Each structure stands twice: as structure tokens, then as C-alpha cells.
Amino acid sequence: MSDKDKVRVRFAPSPTGHLHIGGARTALFNWLFARHNNGTFVLRIEDTDRSRSTEDYIESILEGLRWLGLDWDEGPFRQTDRFDIYRSYIDKLLAEGKAYYCYCSPEELEERRKEAQAKGLPPRYDRRCRKLKEPIPGRTPSVRFKMPETGQTIVDDLIRGKITFENSQLDDLIIMRSDGTPTYNFVVVVDDVDMNITHVIRGDDHLNNTPKQIHIYNALGYTPPRFAHLPMILGSDKTRLSKRHGATSVIAYRDAGYLSDALVNYLVRLGWSYGDQEVFSREELIKYFSLENIGKSAAVFNPEKLLWLNSEYMKSTPPEKLCDLVRPFLIQKGIIKEDEELDKEWLKKAIKTLVERCRTLEELSNALRYYISEYVEIEPKAKEKFLNEKSKPYLIELRDALMTIDDFSAGALEKVFMSIIEKHNIKLGALAQPVRVAMTGTTVSPGIFDVLEIVGKEKALKRLNRALELI
RNA sequence: GGUCCCAUCGUCUAGAGGCCUAGGACAUAGCCCUCUCAAGGCUAAGACACGGGUUCGAUUCCCGUUGGGACCGCCA
């Protein structure tokens, strides 16, 4: 493959908010397509709307992409740095008579739009300035693109096939505002040309813009790239995913304790599939990804399935790594101090017992609390049910037995428990549950021998004594 | 309103005319395992929107209906 037909794709978010789920999936599909084809992934910030774009959002979007592991090869380019380029293209179109000045004010336009809509007519621009010979004094014009009025435009979409649009339906869109700044539909074309983009992979909310953009490519004398329009991601009510549906920013999922690989895996399966496979490594994703396997219909975002996938990834992440990942959560909850170091081997052991019952890092950090803290708070209900006169003698006997042993391993502890329950002919639960409440404050935890081993002799005895005092 | 897109279990999807008694996954229910809770194993329930064609044969192809979505900005 020569450099000329090397795949070049881009992700072009506008910094008017955090990186959201939909944008992240678009970025992911572009990234995957680039990596699969040994191509180039370009990052471009679409910030021509200066009033709505902010630096903080740019940084947040980059942070989101980095967290997801979607590294870019070029950029981030910013459109605000490229205004002179756009200006030269606009002058060229103007000079060639392919664009014209429009002196209508936004207010007039708005009024006419309302009127048209009230009459049930399409709210399109009436092209009145198109035939103007002289400028209208006292007004600063915008620039409109001359759209062909007849014929058809065919968008040959890589996902949807050929789509035909009637040119008569297309509007003479504004390509430069009266303040001299260019608009989206124009800059997107200029940039994609300028950056040699070969494939435009984006949400299908852009499908209706595509024929207009194709005409701009043509007017500029360039061949349009290939297009691939991705189906939308919907909320549970089947409308476009938005803030109303809860957490939609990628960063919010990170902060809620999701693993980036899990989110990526979930997102890729929203619209893309590979037979019956559900869980993919990054390498597999890059290897198997193709536009052909992307579906056409919109997908509903399902938090339950994300949670399941996250738990799968929790289980397959090495405990070593989980130690580092959970640390910020422990600090944030005040379970450990900012500079506090935990014994790594001990923490790994603790995490191993918890990981299969925690679906997120957040849950894991919560569960870790009773291993780390000095004392536990005992739930009243649990105390009532298990810390009572009935269990007291067994707890005393256990405490006395535990005081005498040096080997506090799960195996050794099990022997101690067994000898007590056999002696009194009781079930293991009759002893294990009260001990569990004493150790963790709740009736739910990993296996009691593991819990005791990890809590350790000293703390375990303290907690047992404290529990006995409550009876 | 106009234009465009879409349509398989509640949800994500497999399915490229006979392999379909429509497969998998999440969620749900039951059972097993069991010191609790998970995890795991097994089982159950659950879908081709509807109507016409085309064909020996349609989930699969075509048309229409219905339903849903997107876009129609001096937003991107």
C-alpha cells in the first residue's frame, strides 16, 4: 500500500462538553479502523463556535481519550488556529461565483423561518441575496454556499449503501458568519481535505449534512472521502442519549469505578459484533474490527450489561494492578490517608477474596474497608440476629482457641472452627455467621476463614472481644 | 411539516433464501454448589412489527403500512 492510499481517519469533537458515551464510541471506531488498517488517527478540535467552546472541555476530552487508551497520531489540531486557511478557501469560492454574500440579518432569517413553518413549508432560505448585484449598505454580510438547485446527490455510505438526495431539498448554507468566522459544514470539508482524511466515520446525525458537504468538496475541486455513518446510541426511552439518561460522560464512568477496557469493550459491542463473542482484548478488537460488521440500527445503552462486563474485567485484571487502580478510591473515601502505604502482598490477597463479588473499583474500595479499618461498625440488624446469648458461648470458645494459635492461615483456622462445631454438634453457619458479623459488621463477606486470615490475629481478637461486649 | 435513516427476545446482537424447532450475551425465574454473599454449573421463560408480492421455499429479496430515530441554525 502506498502512502497515498494509506488510511487516515479523524475524531473531531467540539469542546462544548465532556467526552460523552456517543463521542467516545465514534472515537473508538475511528481508532480501531486506523489501527486495524495500520492507518493514522488524527485528533481535531472543532471549536469554531467560540462562544460555546472552552479550554476546560478540551482538556477533559483529551483526558477521556487518554483514559480509554485511544491514542492519536496527529493533533490535536484546533480550527481556531486555522482561520486564515478557511478564509482563503472562502475567497476562492467567492471569486469563482460558487458562494455569495448574504445581507439578511439573523433576526430576519429567524422570522422567515417561523413564518414558513407556520404555513407548513420547509424552513429553508429563500436565496434572495443570491441574485443581488450590489451590497446592501450598512450591513455586514455572511457568506452562503451556492447549492445546485436540480439533480441528485448520491452518498455511497460504507455502512448504509447508496442514499439518494434531491438537490432541490438542499439549502444554501452559511459558510462564513458575519463576524468572519467559518461554520462547521464548511470547515469540516476544508480540514478533511487538508488533512488527507480518507474515511469519515461519524454519527448518523450527520447523514443529512453529507450531500451538502459533497457539493462543497466538488466546488473546491476535491474528491470526497468515503463516508461511514454510525447508528446512534439511545437512552432507555429510545431517544438520543443525553444527560437526562444519567451519567453520559466518560470521566463520570471512570470516577464511578469502571475500568476503561470494560467501557471500550461495551461500547464496541454497541453496533459492532463478531459472531457470538462478547469479551475482546484490545488486540482482538484491532484484529477483528471492520466496518462491514457494524449494524445499521440504533442501540439502547444498557448500564446493566456494562456492569456485567466490568465485573468480568475486574476478575481478569491482575490483583497487582487492581491494587493501584483502587487506591484513589480508598483515599477518596478516607479509608486510607493520602500518603499511607499498604502492604502490597497483603492487599493483593485481600483483593483476591473480594474481586468476584465486586463489579466496580468503587464497590471494591467499599468492601476493602473492613479489612483495612481498625474497627468496624456493626449493623443493628446483623447484631440482633447473630450476636446474641445463643452464639455467645461459641464465640468465647473460639476467641480462647484463637488466642492460643500462632498459625492464623485460612487452613489452620478452618481446623479450629471444625473442632468447635463438631464438639457441640452445630452447623458451621451457627458459628461462621456471628464471627462474620463481628469481623465485618455485616452478614455478607468472602469466606470467613479468608476474612480472618486477612484481618489478622490481632485485629480479629479485638473485634471478637468488642462483639462479645455488645452482647 | 419536509428530507433521510432504521426495524430479530425487555436490552445488545448472530443470521447474507433452505443449515432456524431462530443461536449467543445481559437482565429475570428455578435448581445445584455452599459458612453468608457472590462467582460458577444446569434449566426455564422470552423475538423475526404488520400486509402484500418474488420464489418450490422467506427472518433473509422487493413494495406498502405502522412504529421509532435523526436532521432541517450566522450549533457542531
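No experiment lies behind these values; they were computed from the predicted model shown. Residue numbers begin at 1 in each chain, while the letters A, B, ... track the order of the sequences.
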* Asked: Could you give the CD1-to-C1' distance, from A:Ile233 to B:rG68, as a whole number of Å?
  -> 17 Å

* For B:rU28, which nucleotide is its Watson-Crick or G-U wobble mate, given both distances must be under 3.5 Å? -> B:rA44

* Asked: Rounding to a whole Å, what distance do you find between A:His229:NE2 and B:rA76:C1'?
  -> 13 Å

* Structure fact -> Regarding the side chain of A:Trp308, the nearest nucleotide among B:rA25, B:rG73, B:rA76 is B:rA25

* Expressed as a whole number of Å, how far does the C1' atom of B:rC26 sit from that of B:rA45? -> 15 Å

* Using purine N1 to pyrimidine N3 plus N6-O4 or O6-N4 for Watson-Crick, or N1-O2 and O6-N3 for G-U wobble, both under 3.5 Å, which nucleotide pairs with B:rU59? -> none

* Structure fact -> In whole angstroms, the gap separating C1' of B:rC12 from CD1 of A:Ile21 amounts to 15 Å

* Asked: How does protein reach along nucleotides 32-38 of chain B, written 5' to 3' as B (base within reach of a heavy atom under 4.0 Å), S (only sugar-phosphate), or - (no contact)?
  -> ---BBBB

* Asked: How is A:Asn209 classified with respect to the nucleic acid when contacts are heavy atoms under 4.0 Å: base, sugar-phosphate, or nothing?
  -> base

* Does A:Tyr184 reach the side chain of A:His206, with side-chain heavy atoms less than 4.5 Å apart? -> yes

* **B:rG23 to B:rU59 separation - C1' atoms, rounded to the nearest Å** => 13 Å

* Could you tell me which residues satisfy ring pair (Phe, Tyr, Trp, His ring centres under 6.0 Å) with A:Tyr266, sequence neighbours excluded, listed by chain and number? => A:Phe301

* Nucleic acid footprint by protein, nucleotides 1-11 of chain B - heavy-atom cut-off 4.0 Å, B for base, S for sugar-phosphate alone -> BSBSSSS---B

* On a plain distance test, is the side chain of A:Asp205 in donor-acceptor contact with the base of B:rA76 below 3.5 Å? -> no

* To the nearest Å, how far apart are A:Lys212 NZ and B:rA70 C1'? -> 12 Å

* Say you pick atom C1' in B:rG10 and the same atom in B:rU28; how far apart are they, in whole Å? -> 9 Å

* With sequence neighbours excluded, tell me which residues meet salt bridge (charged side-chain N to carboxylate O under 4.0 Å, His left out) with A:Glu453. => A:Lys349

* Hey, does A:Glu278 reach any base, or is it just sugar-phosphate, or nothing, if we go heavy atoms under 4.0 Å? -> base

* State which residues pass ring pair (Phe, Tyr, Trp, His ring centres under 6.0 Å) with A:His18; sequence neighbours excluded, sorted by chain then number. => A:Tyr57

* Under the ring pair (Phe, Tyr, Trp, His ring centres under 6.0 Å) test, which residues partner A:Phe449, sequence neighbours left out? -> A:Phe417

* Looking at every strand, decide which applies to A:Ser105 at a 4.0 Å heavy-atom threshold: base, sugar-phosphate, or nothing. => base

* **Heavy-atom pair of closest approach, residues A:Val455 and A:Met439** => CG1-SD, 4.4 Å

* Scan A:Glu312 against the nucleic acid and name what it touches under 4.0 Å (heavy atoms): base, sugar-phosphate only, or nothing. => sugar-phosphate

* To do: Hunt down the Watson-Crick or G-U wobble partner of B:rG1, both distances under 3.5 Å, from any strand shown, or write none.
  => B:rC72

* To do: Find the distance A:Asp49:CG to B:rA76:C1' and express it as a whole number of Å.
  => 8 Å

* To do: For A:Ala24, check side-chain contact (heavy atoms from CB on, under 4.5 Å) against everything at least two apart and list the hits.
  => A:Leu19, A:Leu68, A:Val250, A:Leu267

* Structure fact -> Residue pairs meeting salt bridge (charged side-chain N to carboxylate O under 4.0 Å, His left out), one or both in residues 77-87 of chain A, sequence neighbours left out, come to A:Asp47-A:Arg78, A:Glu55-A:Arg78, A:Arg82-A:Asp191, A:Arg82-A:Asp194, A:Arg87-A:Asp91

* Partner residues of A:Ser445 under the side chain to side chain donor-acceptor pair (under 3.5 Å) criterion, sequence neighbours left out -> A:Arg436

* Paired with B:rC20: which nucleotide, if any, by Watson-Crick or G-U wobble criteria at under 3.5 Å for both distances? -> none

* To do: In whole angstrom, give me the gap between the C1' atoms of B:rC32 and B:rG15.
  => 34 Å

* To do: Could you say whether A:Arg52 or A:Thr239 is positioned toward the 5' end of RNA chain B, judged by the nucleotide with the nearest heavy atom to each?
  => A:Thr239

* Rounded distance in Å between the C1' positions of B:rU65 and B:rA22 -> 25 Å

* Asked: Which part of the nucleic acid does A:Leu109 contact within heavy-atom distance under 4.0 Å: base, sugar-phosphate only, or nothing?
  -> base

* Any A:Ser273 side-chain N or O less than 4.0 Å from OP1/OP2 of B:rA14 -> yes

* Base, sugar-phosphate alone, or nothing: which one does A:Lys427 contact when heavy atoms must sit under 4.0 Å apart? -> nothing

* Using the C1' atom on both, measure B:rG68 against B:rC61 and round to a whole Å. => 23 Å

* Structure fact -> Residues A:Pro13 and A:Arg44: closest non-hydrogen pair is CD-O, 3.2 Å

* To do: Look at all strands and tell whether A:Leu270 reaches a base, only sugar-phosphate, or nothing, counting heavy atoms closer than 4.0 Å.
  => sugar-phosphate

* Asked: Got A:Val451 and A:Thr353 here, is their nearest side-chain heavy-atom distance under 4.5 Å?
  -> no

* Asked: Under 4.5 Å between any side-chain heavy atoms of A:Leu94 and A:Val143, yes or no?
  -> yes

* Report yes if a side-chain nitrogen or oxygen of A:Arg269 is closer than 4.0 Å to either non-bridging phosphate oxygen (OP1 or OP2) of B:rA25; otherwise report no. => no

* **Separation of atom CG in A:Asn185 from atom C1' in B:rC72, rounded to whole Å** => 11 Å

* Expressed in whole Å, how much space separates the P atoms belonging to B:rC9 and B:rU60? -> 14 Å

* Tell me: CD1 of A:Ile216 to P of B:rA76, nearest whole Å? -> 12 Å

* Asked: Taking CD1 from A:Ile90 and P from B:rC74, how many angstroms apart are they, rounded to a whole number?
  -> 14 Å

* Asked: For B:rA49, which nucleotide is its Watson-Crick or G-U wobble mate, given both distances must be under 3.5 Å?
  -> B:rU65

* For nucleotides B:rC20 and B:rC48, find the distance between their C1' atoms and express it as a whole number of Å. => 11 Å

* With a 3.5 angstrom cut-off on both distances, give the Watson-Crick or G-U wobble partner of B:rU36, or none if there isn't one. => none

